**Student:** 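After the structure tokens below, expect a handful of questions from me.
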Amino acid sequence: MGGTFDPIHLGHLVTAEQARVDLGLDEVLFIPAGQPWQKDGTTPAEHRYVMTVLATAANPAFRVSRAEIDRPGPTYTVETLRRLRARLPDAHLCFITGADAIRSILTWKDAEECLQLADFVAASRPGHDLGALEAEGFTDQVRVLDVPALAISSTDIRERFKADRSVSYLIPAEVEQYARKHGLYGTVGGLEADEPC
């Protein structure tokens, strides 16, 4: 499952678990983007990685990879998929991401190769459709996964932090504690330095 995870939220976790069950996956590997080449101003990768580890720790079928975080320079999905395919030549790879990201796949580096390296799973989200993929004939290569919890967005969560509004029940409590402890997303106040996160 690829994404910026800035921050990871319950919609991501529900999507991963639903994909695991519906598609019969052995595990879901979360791969936080290192330096996303199409996004500016993301939270430092190490913070996003730690929050993803905290959020997924309770599920034994979830793992988190540093593959993109430890790679210097901009990160591209095609390079990550090439490495996974080389390491796991016989595995059936699925790349799970939000429908909003899938809609922009045509702008990705080597988009057609991405679609050959893995089956793409588009988690549906209110207000997003896959019309651009239909126009390009990619719909046979993308499976749609309807996930009700995807009305939650990382953008909204960041804005809630900045406005000092509640993020309870949108992100795991451990992620909220970590973000507040480290002053991410314009948080104010929060945990004392000696409190666990």
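We number each residue from 1, following the sequence as shown. Since this is a predicted model, take the numbers as computed values, not measurements.
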**Student:** Which atom names give the shortest non-hydrogen contact between Ala45 and Ile69, and what distance separates them?
**Tutor:**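 So the minimum-distance heavy-atom pair works out to O-CD1, 3.5 Å.
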
**Student:** Would you say that His12 contacts Ser154 through its side chain, given a criterion of any heavy-atom pair below 4.5 Å between the two side chains?
**Tutor:**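 Answer yes - side chains close enough.
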
**Student:** Does a side-chain heavy-atom distance below 4.5 Å link Phe5 with Thr43?
**Tutor:**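 The answer is no; the side chains never approach within 4.5 Å.
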
**Student:** If I take atom CG from residue Leu93 and atom CG from residue Asp90, how far apart are they, to the nearest 0.5 angstrom?
**Tutor:**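 Taking CG in Leu93 and CG in Asp90, the distance rounds to 10.5 Å.
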
**Student:** Run the side-chain hydrogen bond (donor to acceptor under 3.5 Å, both in side chains) test against Asp26 and tell me which residues pass, sequence neighbours left out.
**Tutor:**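 Listed in chain order: nothing, the list is empty.
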
**Student:** Quick one: list whatever passes side-chain contact (heavy atoms from CB on, under 4.5 Å) with Ala57, sequence neighbours left out.
**Tutor:**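 Applying side-chain contact (heavy atoms from CB on, under 4.5 Å) to Ala57 gives none.
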
**Student:** Could you tell me which residues satisfy side-chain contact (heavy atoms from CB on, under 4.5 Å) with Ala173, sequence neighbours excluded, listed by chain and number?
**Tutor:**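 Scan of Ala173 (side-chain contact (heavy atoms from CB on, under 4.5 Å), adjacent residues dropped) gives none.
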
**Student:** Under the ring-ring contact (aromatic ring centres under 6.0 Å, His included) test, which residues partner Phe95, sequence neighbours left out?
**Tutor:**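 Phe95 satisfies ring-ring contact (aromatic ring centres under 6.0 Å, His included) with Phe120 once adjacent residues are dropped.
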
**Student:** With Arg71, which residues qualify under side-chain contact (heavy atoms from CB on, under 4.5 Å), at least two apart?
**Tutor:**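 Result, side-chain contact (heavy atoms from CB on, under 4.5 Å) vs Arg71: Glu68, Thr75, Glu79, Thr80, Arg83.
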
**Student:** Below 4.5 Å, heavy atoms only, C-beta onward: do Asp6 and Arg48 meet side chain to side chain?
**Tutor:**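 Touching, per the 4.5 Å side-chain cut-off.
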
**Student:** Using 0.5 Å steps for rounding, measure from the SG atom of Cys114 to the CG atom of Leu81.
**Tutor:**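 These two atoms lie 5.5 Å from each other.
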
**Student:** Any salt bridge (charged side-chain N to carboxylate O under 4.0 Å, His left out) pairs touching residues 49-62, not counting sequence neighbours?
**Tutor:**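 Every candidate salt bridge (charged side-chain N to carboxylate O under 4.0 Å, His left out) pair involving residues 49-62 fails, so no pair, neighbours aside, qualifies.
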
**Student:** Taking ring-ring contact (aromatic ring centres under 6.0 Å, His included) as the definition, give me every residue that meets it alongside Tyr185, ordered by chain and number, with sequence neighbours left out.
**Tutor:**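 So Tyr185 forms a ring-ring contact (aromatic ring centres under 6.0 Å, His included) with Phe161.
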
**Student:** Considering all heavy atoms of both residues, which atom of Thr56 and which atom of Phe30 are nearest to each other, and what is their separation?
**Tutor:**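 Answer, listing the atom of Thr56 first, then Phe30: CG2-CE1, 3.7 Å.
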
**Student:** How far apart are the closest heavy atoms of Glu174 and Leu54, and which atoms are they?
**Tutor:**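 Between these two residues, the closest heavy atoms are O-CD1, 3.8 Å.
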
**Student:** Could you pull out all residues at least two apart from Glu17 that satisfy salt bridge (charged side-chain N to carboxylate O under 4.0 Å, His left out)?
**Tutor:**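 With sequence neighbours excluded, Glu17 shows a salt bridge (charged side-chain N to carboxylate O under 4.0 Å, His left out) to Arg20, given in chain and number order.
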
**Student:** Go through the structure and list residues passing side-chain contact (heavy atoms from CB on, under 4.5 Å) with Val121, not counting sequence neighbours.
**Tutor:**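 For Val121 the side-chain contact (heavy atoms from CB on, under 4.5 Å) partners, ignoring immediate neighbours, are Leu23, Cys94, Ile96, Leu145.
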
**Student:** For Pro89 versus Ala86, what's the shortest heavy-atom pair and its separation?
**Tutor:**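 What the structure gives for the nearest pair is CD-O, 3.7 Å.
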
**Student:** Test His9 against every option in Val14, Thr15, Ile157 by the side chain to side chain contact (heavy atoms under 4.5 Å, CB included) rule and name the one that passes.
**Tutor:**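 The side chain to side chain contact (heavy atoms under 4.5 Å, CB included) with His9 is passed solely by Ile157 among Val14, Thr15, Ile157.
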
**Student:** For the atom pair CD1 (Ile8) and CD1 (Ile171), what is the distance rounded to the nearest 0.5 Å?
**Tutor:**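 Answer rounded to 0.5 Å: 10.0 Å.
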
**Student:** Mind checking side-chain hydrogen bond (donor to acceptor under 3.5 Å, both in side chains) for Arg85 and listing every partner two or more places apart, or none if nothing turns up?
**Tutor:**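 Arg85 satisfies side-chain hydrogen bond (donor to acceptor under 3.5 Å, both in side chains) with no other residue.
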
**Student:** Going by salt bridge (charged side-chain N to carboxylate O under 4.0 Å, His left out), name the residues that satisfy it together with Asp156, two or more places apart in sequence or in a different chain.
**Tutor:**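 So Asp156 forms a salt bridge (charged side-chain N to carboxylate O under 4.0 Å, His left out) with Arg160.
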
**Student:** OG1 of Thr42 to CD of Gln35: how many Å apart, nearest 0.5 Å?
**Tutor:**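 Rounded to the nearest 0.5 Å, the OG1-CD separation comes out at 8.0 Å.
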
**Student:** Please walk me through it: do Thr77 and Thr97 pass side chain to side chain contact (heavy atoms under 4.5 Å, CB included)?
**Tutor:** CA-CA 11 Å; Thr77 300; Thr97 193; over 6 Å; no

**Student:** Taking the side chain as every heavy atom from C-beta outward, state whether Arg158 and Ser153 have any atom pair closer than 4.5 Å.
**Tutor:**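 No, their side chains stay 4.5 Å or more apart.
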
**Student:** If you take all heavy atoms of Ala16 and Val28, which pair is closest and at what distance?
**Tutor:**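 Nearest pair, atom of Ala16 first, then Val28: O-CG2, 3.6 Å.
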
**Student:** Any non-hydrogen side-chain atom of Asn59 less than 4.5 Å from a side-chain atom of Leu13?
**Tutor:**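 No, their side chains stay 4.5 Å or more apart.
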
**Student:** Go through the steps to decide whether Asp119 and His92 satisfy the test side chain to side chain contact (heavy atoms under 4.5 Å, CB included), and finish with yes or no.
**Tutor:** CA-CA 8 Å; Asp119 290 338; His92 178 183; 2.5 Å; yes

**Student:** For Tyr178 and His182, take the angle between the two ring planes, folded into 0 to 90°, and tell me which bin it lands in: parallel under 30, tilted 30 to 60, perpendicular over 60.
**Tutor:**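 Geometry flag for His182 against Tyr178: tilted rings.
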
**Student:** Using the side-chain hydrogen bond (donor to acceptor under 3.5 Å, both in side chains) criterion, which residues pair with Arg82? Sequence neighbours excluded.
**Tutor:**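 Result, side-chain hydrogen bond (donor to acceptor under 3.5 Å, both in side chains) vs Arg82: Asp110, Glu113.
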
